[in-house]
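In what follows, chains are A, B, ... by sequence order, proteins preceding strands, each numbered from 1. All figures in this text were calculated on a predicted structure; none of them were measured in a lab.
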Amino acid sequence: MLLGKQAIDDDANQTGQMLAALWDRPQATFASKVEVDGGVARVTREVDAGLETIEVDLPAVITSDLRLNEPRFIKLPDIMKAKAKPIETIELASLGVEPGDHLKTTHYAAPAKRSKGVMVKDVAELVAALKSKGLIR
Amino acid sequence: MSRILIVAEHLDGALNTATARSVSCAKAIGGDIHVLVLAAEASAVAAEAAAIDGVGKVLTVTRPENAHALAAVLAPQIAAVAGSGYTHLLLPSTTFGKDVAPRVAALLGVAQVSDIMSVEGAQTFKRPIYAGNAIVTVEAPAGALIVGTVRTASYPAAAGGGSAPVEALSPDVALPSHTRFVGLAQGKTDRPDLQGAARVVSGGRALGSAEQFQLIYGLADKIGAAVGASRAAVDAGYAPNDLQVGQTGKIIAPELYIAIGISGAIQHLTGIKDAGTIVAINKDADAPIFEIADYGLVGDLFKLIPEFEQALG
Ligand SMILES: Cc1cc2nc3c(=O)[nH]c(=O)nc-3n(C[C@H](O)[C@H](O)[C@H](O)COP(=O)(O)OP(=O)(O)OC[C@H]3O[C@@H](n4cnc5c(N)ncnc54)[C@H](O)[C@@H]3O)c2cc1C
């Protein structure tokens, strides 16, 4: 199962991991390289410390990071062909899943704004300002 | 009263400061705070965790399988401990916490609150969405176990000086062998860690090459700063992935952030909004980065970085 690592709207970064747990299968999140060899995938993951490589037995859930690949440009004929591809709709009820309303969103607000600062004319003025604030020595 | 369990993040026998930041979030919830260390050899990390102010107890689970932080291996152990009467389970919103926490939440059958930036009540939290362009308040049902990740840039690291007792646990759970650690390629440096550094110098696409990106390292070393990069600089191979700052990279809160040759896309800005002072150097006077910079300097970085270094003496 391939998924993205996080949605660009809610940024939650959970779906792949939860799916893997519910399915009781391995997960390889934040993938930047995937090599499949027989029943095993060797996945390079972008982690805070660098690049981690793990091996997972298939089937597994893999979530992609930004540098996994370059999405190919979709040519017009392919867009036309896509229209003819079958799309199957699965009713939630048919899956025997109980949808739950676990988290309620109660407020939306704008983030605190950073105030606009000042422009300095040269490096000397910048360094003087940073020194006076004790940010550099 | 809340009973809060925090999963310690550690590497090579040392505790990550993200854990002490999570403790600050737990203090905002209020209650008993316990830290869970899962490791092959837990004592050094447990001792560090026991010293964090506010921690009431450190729990250790020592197993050879815990030598590396594999979510599939850790999650059932964490779920077993968290399910034994805790009201909250917190992990830092680092790649470690993001990988592990949702897997635990699913095992426990609860939703996850990602990137907690503010605690409004024991079941109510604020978190950013749309790359930080909106803040939502989310509420979990009364009595539901909260699994959350803590937006580490929103919380300072809790101080040291504590001396919590350490207790060894051995939860009886079968661990999968379907996930195996192969290796970790780390960009080992003597420089400060990007996520905890007081000062950060970041370079963007304008650096033009990995060789020229060395200019950023040079300036950073001069002021004892960590090095960061925009996604464009990482994608182009000028800097390694672990230096990426922003929505899909690291969210940081240094005292001083210097952005050089970075335009200021929202995805980048969301990673630095909590910085104390932001400095931008860019040749385009209309670059969006100047909208949030405390100090802006317009000019060619290839001329200004050497000048900067010289001015520092
Ligand atoms: C889903 C998604 C997630 C993303 N996540 C991230 C993320 O986490 N982090 C991130 O950074 N980006 C992220 N991005 C990418 C982001 O949108 C921008 O493309 C990226 O930040 C641009 O990087 P940059 O500022 O280095 O490059 P550019 O936007 O190309 O800016 C280069 C700047 O350098 C200036 N410049 C050029 N030459 C010089 C010179 N000689 N001297 C001084 N200044 C000069 C230019 O005026 C320009 O402002 C994401 C995008 C998407 C769609």
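Checked by atom type and distance alone, the side chain of B/Thr95 pairs as donor or acceptor with a backbone atom of A/Asp48 at under 3.5 Å. Judged purely by atom type and a 3.5 angstrom limit, A/Arg114 uses its side chain to pair as donor or acceptor with the backbone of B/Lys273. Between the side chain of B/Arg127 and the backbone N or O of A/Asp10, at least one donor-acceptor pair lies under 3.5 Å.
Ranking B/Gln186, B/Gln247, B/Gln244, B/Lys126 against chain A, the residue ahead of the rest is B/Gln247, based on heavy-atom pairs under 4.5 Å. Note on B/Gln267, B/Lys250, B/Arg180: by heavy-atom pairs under 4.5 Å with chain A, the leading option is B/Arg180. No other option in B/Ala106, B/Ala140, B/Pro102, B/Ala134 has as many heavy-atom pairs under 4.5 Å with chain A as B/Pro102. Top candidate by heavy-atom pairs under 4.5 Å with chain A, chosen from B/Ala72, B/Ala225, B/Ala185, B/Ala111, is B/Ala185. Of the listed residues (B/Leu256, B/Thr248, B/Leu312), the one with the most heavy-atom contacts under 4.5 Å to chain A is B/Thr248.
No side-chain heavy atom of A/Asp11 sits less than 4.5 Å from a side-chain heavy atom of B/Ile129. Contact check for A/Glu46 versus B/Asp242: no side-chain heavy atoms found under the 4.5 Å cut-off. No side-chain heavy atom of B/Glu291 sits less than 4.5 Å from a side-chain heavy atom of A/Lys113. Proximity of A/Leu103 to B/Glu139: side-chain heavy atoms (C-beta onward) are nowhere separated by under 4.5 Å.
If you measure heavy-atom distances from B/Gln310 to chain A, you find no contacts under 4.5 Å at all. Neither the backbone nor the side chain of B/Asn16 comes within contact range of chain A, judged by heavy atoms closer than 4.5 Å. With a 4.5 angstrom heavy-atom cutoff, B/Pro141 touches chain A via backbone and side-chain atoms both. Residue contact with chain A, scored on non-hydrogen atoms closer than 4.5 Å, is absent for B/Leu243. Contacts between B/Ala293 and chain A at a heavy-atom distance below 4.5 Å involve the backbone alone (N, CA, C, O). Within the 4.5 angstrom heavy-atom criterion, only backbone atoms of B/Pro128 (N, CA, C, O) approach chain A. Neither the backbone nor the side chain of B/Asp12 comes within contact range of chain A, judged by heavy atoms closer than 4.5 Å. Within the 4.5 angstrom heavy-atom criterion, atoms from both the backbone and the side chain of B/Leu297 approach chain A. With a 4.5 Å cut-off on non-hydrogen atoms, B/Ala311 touches chain A through its backbone and its side chain both. Only the side chain of B/Val279 comes within contact range of chain A, with heavy atoms under 4.5 Å apart.
Shown here for B/Phe308 and A/Ile136, the closest heavy-atom pair between the two residues is CE2-CD1, 4.4 Å. Counting all heavy atoms, side chain and backbone alike, B/Leu11 lies closest to A/Ala49 at CD2-CB, 3.8 Å. Nearest heavy-atom pair across B/His178 and A/Asp24 is NE2-O, 4.2 Å. In this structure, B/Gly132 and A/Pro111 approach most closely via the heavy-atom pair O-CG, 3.2 Å.
Tested against B/Asp99, the residues A/Gln27, A/Lys5, A/Gln17 include a single side chain to side chain donor-acceptor pair (under 3.5 Å) partner, A/Gln27.
The closest side-chain donor-acceptor pair between A/Gln14 and B/Arg103, if any, does not fall under 3.5 angstrom. With hydrogens and angles left out, the side-chain atoms of B/Thr277 and A/Lys133 include a donor and acceptor closer than 3.5 Å.
To the nearest 0.5 Å, the span separating OH on B/Tyr295 from CG on A/Leu135 amounts to 7.5 Å. The structure places CD1 of A/Ile54 at 6.0 Å from OG1 of B/Thr179, a figure rounded to the nearest 0.5 Å. Within the model, atoms OG1 of A/Thr53 and CZ of B/Phe181 stand 8.0 Å from one another, a figure rounded to the nearest 0.5 Å. Between the OG1 atom in B/Thr137 and the OH atom in A/Tyr108 there is a gap of 10.0 Å [rounded to 0.5 Å]. To the nearest 0.5 angstrom, A/Lys116 atom NZ is 8.5 Å from B/Phe290 atom CZ. Taking CG of B/Asp115 as the start and CG of A/Asn13 as the end, the distance is 8.0 Å to the nearest 0.5 Å.
Other residues, nucleotides and ligands place more than 12 heavy atoms under 6.0 Å from the CD1 atom of A/Ile79.
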Next on the checklist: Before you tell me yes or no, could you show the steps for B/Lys98 and A/Thr29 under side chain to side chain contact (heavy atoms under 4.5 Å, CB included), namely the whole-Å CA-CA distance, both residues' side-chain angles and the distance that decides it to 0.1 Å?
Outcome noted: CA-CA 9 Å; B/Lys98 289 172 180 171; A/Thr29 53; over 6 Å; no
